[in-house]
Number of protein chains: 2
Amino acid sequence: MKSNNKEAQYDISCYRTPDGYTSDIAVFTITSEQIKAYAPPKMVLKLMLIQRAEQDTEGNPNIEAGKWALPGGFVTPEETACTAASRELEEEAGITGIHLKQFGVYDQPGRDPRGWIISNAHYAIVPEYRLSERKASDDAADVELFPVAELNEQALAFDHKNIIQDAITHITRDLLQTTVAKQFLPETFTYSELQAVLLTVTDDKAIQNDQAFARKIKSLPFIEAVKGQKTQRTSKLPTQLYRFIDAQVKQSIYTARH
Amino acid sequence: MKSNNKEAQYDISCYRTPDGYTSDIAVFTITSEQIKAYAPPKMVLKLMLIQRAEQDTEGNPNIEAGKWALPGGFVTPEETACTAASRELEEEAGITGIHLKQFGVYDQPGRDPRGWIISNAHYAIVPEYRLSERKASDDAADVELFPVAELNEQALAFDHKNIIQDAITHITRDLLQTTVAKQFLPETFTYSELQAVLLTVTDDKAIQNDQAFARKIKSLPFIEAVKGQKTQRTSKLPTQLYRFIDAQVKQSIYTARH
DNA sequence: CCTTTTAATTAACAATATGTTAAATGTTAA
DNA sequence: TTAACATTTAACATATTGTTAATTAAAAGG
């Protein structure tokens with residue numbers, strides 16, 4: 001490095017600037033199917049995609065028409081990509097106040113045929129009932145939820161296949177290594193409901209095992225039993241409710257069991 | 001969401017575009033001090049910063065002059081921010097082939113007085129001996145290594161204080177939850193060397209405990225003992241060497257011990 | 001040559017956690 | 001009344017961890 005610090009030499013006017021800065025959002029939800037009364041639900045992790053129109057507003061053939069894509073849009077200079085993502089979700093789907101997390105930037109040259117466009121990607125977690133509200137109030141012919149296991153079969157716009165793959169990797173890791181599972185659950189939940197959420201992204205034997213998991217949940221430092229509160233959502237036998245408490249989790253692979 | 005897909009309506013020419021896209025790099029190294037012969041080293045995690053020049057190349061007062069900053073520079077349309085980071089490291093420090101990881105985007109309006117500039121931030125891990133090479137071959141008056149514990153005392157340019165804080169958070173988590181510690185170590189290493197690396201970012205009692213850690217390393221699925229290979233780097237008693245093996249680690253906080 | 005020093009290694013044991021199997025509990029529904 | 005069933009509790013063998021102590025191998029100094 002020269003002692004004449006390189007950055008000092010930059011004159012921003014000499015550099016080419018990007019043609020656009022966009023914010024894309026992978027909206028995840030978990031749909032839970034009540035197989036029968038008084039039993040734990042079967043949960044499936046799904047991703048919301050929109051289908052690109054055949055024509056743009058001027059009637060010209062649209063780019064990447066007909067393909068499925070992540071919702072998103074351009075970021076303005078007055079906002080961050082995260083704010084933009086939040087705004088788009090509200091404008092397009094009326095969804096507010098949900099969990100959003102930035103997970104990657106996509107800037108591969110040529111990724112967007114319209115020019116040098118940088119995409120800042122986020123994932124969002126929307127509880128199922130928030131999506132139902134939206135669907136009821138809106139014509140949603142071009143919006144669909146895809147189980148994450150079936151995403152490989154879809155034709156996806158731009159480099160969204162990559163982005164989605166990364167989104168799934170990130171939400172999977174975050175569900176298992178942080179307490180975001182909270183975002184998919186009601187304020188208080190049973191052990192089997194939490195278990196069902198985790199099983200949407202893992203086949204870990206220790207999580208599949210009912211007895212072991214029900215015993216383990218009682219000793220987790222970031223979850224507490226809600227004293228005296230029970231529910232019959234998942235069983236005829238009134239079942240203990242739990243809630244997440246604020247406690248930072250820092251687990252090391254060097255001390256964990258394997 | 002309207003059935004007339006919103007994204008289709010975008011005409012990129014109507015939108016304001018960013019004034020620049022930069023790549024910043026938090027270069028971490030661990031310096032190891034040999035307290036005495038035949039003993040484990042004392043390791044400290046340090047961050048490389050550059051001091052911004054007082055004047056630019058035209059002799060005008062430089063923006064954020066004298067403050068310490070992360071190395072970085074503008075990204076061109078022909079490269080990704082990660083490629084740019086790699087290029088800058090090579091151009092400025094002659095360092096090639098090192099571990100680089102993207103960890104955040106900084107796009108808060110007003111973060112850079114020069115305009116709407118989006119920074120894509122990465123961290124890099126450089127083994128100590130690579131930095132010594134650089135220092136020897138270069139005038140490095142404006143480059144310094146700061147122990148991460150002492151970074152709060154420095155005046156930092158732009159929003160680099162935030163970026164650095166996030167970089168430390170990320171490298172800490174990655175050191176404990178992935179096998180990147182490998183990047184700080186030689187191909188084969190003793191249990192106490194790995195332990196010293198981890199102790200630069202954690203005070204976990206289970207990692208501090210010598211006997212427990214030496215016993216534990218033998219059962220980790222992503223580390224193997226190198227049969228018949230020993231060293232006297234850290235002890236008079238010839239000590240077993242280990243190496244990382246490729247094995248994906250997916251640890252869950254719901255099954256780990258706490 | 002003997003002694004001291006020291007990191008690494010091994011041993012041993014109590015305490016804790018897990019995997020597994022089995023039984024008990026409440027409640028619903030037939 | 002009985003069958004069904006998710007949950008809860010119990011029990012026990014097995015595995016892991018925390019802790020303390022002893023052993024090992026080589027270096028260094030007399």
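It should be emphasised that the depicted structure is a prediction, and the values quoted were computed from it without experimental measurement. Just so it is clear: chains get the letters A, B, ... in the order the sequence lines come, proteins before strands, and each one is counted from 1.
- For B:Asp210 and C:dT10, the CG to P distance is 15 Å, given to the nearest whole Å.
- What separates NZ of A:Lys236 from C1' of C:dT25 is a distance of 13 Å, to the nearest Å.
- Ring planes of A:Phe103 and A:His170: tilted class, angle from 30 to 60°.
- The distance between atom CD of A:Gln34 and atom C1' of D:dA6, rounded to the nearest whole Å, is 12 Å.
- Atom pair A:Ile217:CD1 and C:dT18:P shows a separation of 13 Å (rounding to whole Å applied).
- Residue A:Ser235 is the one, among A:Ala256 and A:Ser235, whose nearest nucleotide of DNA chain D lies closer to the 5' end (criterion: closest heavy atom).
- In this pair, B:Phe244 and A:Tyr254 present their aromatic rings perpendicular. The plane angle is above 60°, beyond the 30 to 60° band.
- Nucleic acid contact for B:Gln211: base, since at least one base atom lies under 4.0 Å from a heavy atom of the residue.
- B:Gln240 meets the side chain to side chain donor-acceptor pair (under 3.5 Å) test with no other residue; sequence neighbours excluded.
- A:Lys36 has a side-chain polar atom (N or O) that falls below the 4.0 Å cut-off from OP1 or OP2 of D:dA6.
- Taking atom CD1 on B:Ile207 and atom P on D:dG18, their separation rounds to 11 Å, with Å as the unit.
- Between B:Tyr123 and B:Phe28, the two ring planes are perpendicular [angle over 60°; tilted spans 30° to 60°].
- When each of A:Thr234, A:Ile35, A:Ile30 is paired with A:Pro41, the side chain to side chain contact (heavy atoms under 4.5 Å, CB included) condition holds for A:Thr234 and for no other.
- Residue B:Lys205 is classed as having no contact, given no heavy-atom separation below 4.0 Å to the nucleic acid.
- When the nucleotides C:dT18, D:dG18, D:dA6 are ranked by their closest atom to the side chain of B:Ala212, D:dG18 comes out on top.
- Within 4.0 Å of A:Ser219, counting heavy atoms only, lies no atom of the nucleic acid at all.
- Residue-level contact check: B:Thr255 touches the backbone only, with heavy atoms under 4.0 Å from sugar-phosphate atoms and none from bases.
- Distance B:Arg215 CZ to C:dT10 P: 12 Å, rounded to the nearest Å.
- When heavy atoms are screened at a 4.0 angstrom cut-off, B:Lys218 is found touching the sugar-phosphate backbone but no base atom.
- For the pair A:Leu194 CG and D:dT7 C1', the interatomic distance rounds to 16 Å; values are reported in whole Å.
- Note on the helix from C:dC1-D:dG30 to C:dA30-D:dT1: angle between the axes of the first and last five pairs equals 0°, rounded to 10 degrees.
- Using the six-membered ring where Trp is involved, A:Tyr191 and A:Phe213 have ring planes that are tilted, between 30° and 60° apart.
- Using a 4.5 Å cut-off on side-chain heavy atoms (C-beta onward), A:Lys161 and A:Gln154 make no contact.
- Residue whose closest nucleotide on DNA chain C sits further toward the 5' end, between A:Leu237 and A:Ala206: A:Ala206.
- If you take OH of B:Tyr38 and C1' of D:dT24, they are 17 Å apart, rounded to a whole angstrom.
- Between A:Tyr191 and D:dT7 there is a side-chain polar atom (N or O) within less than 4.0 angstrom of OP1 or OP2.
- Residues B:Glu193 and A:Lys216 both approach DNA chain C. Their nearest nucleotides, taken by heavy-atom distance, put B:Glu193 toward the 5′ side.
- Side-chain contact check for B:Gln165 versus B:Asn162: every heavy-atom pair is 4.5 Å or farther apart.
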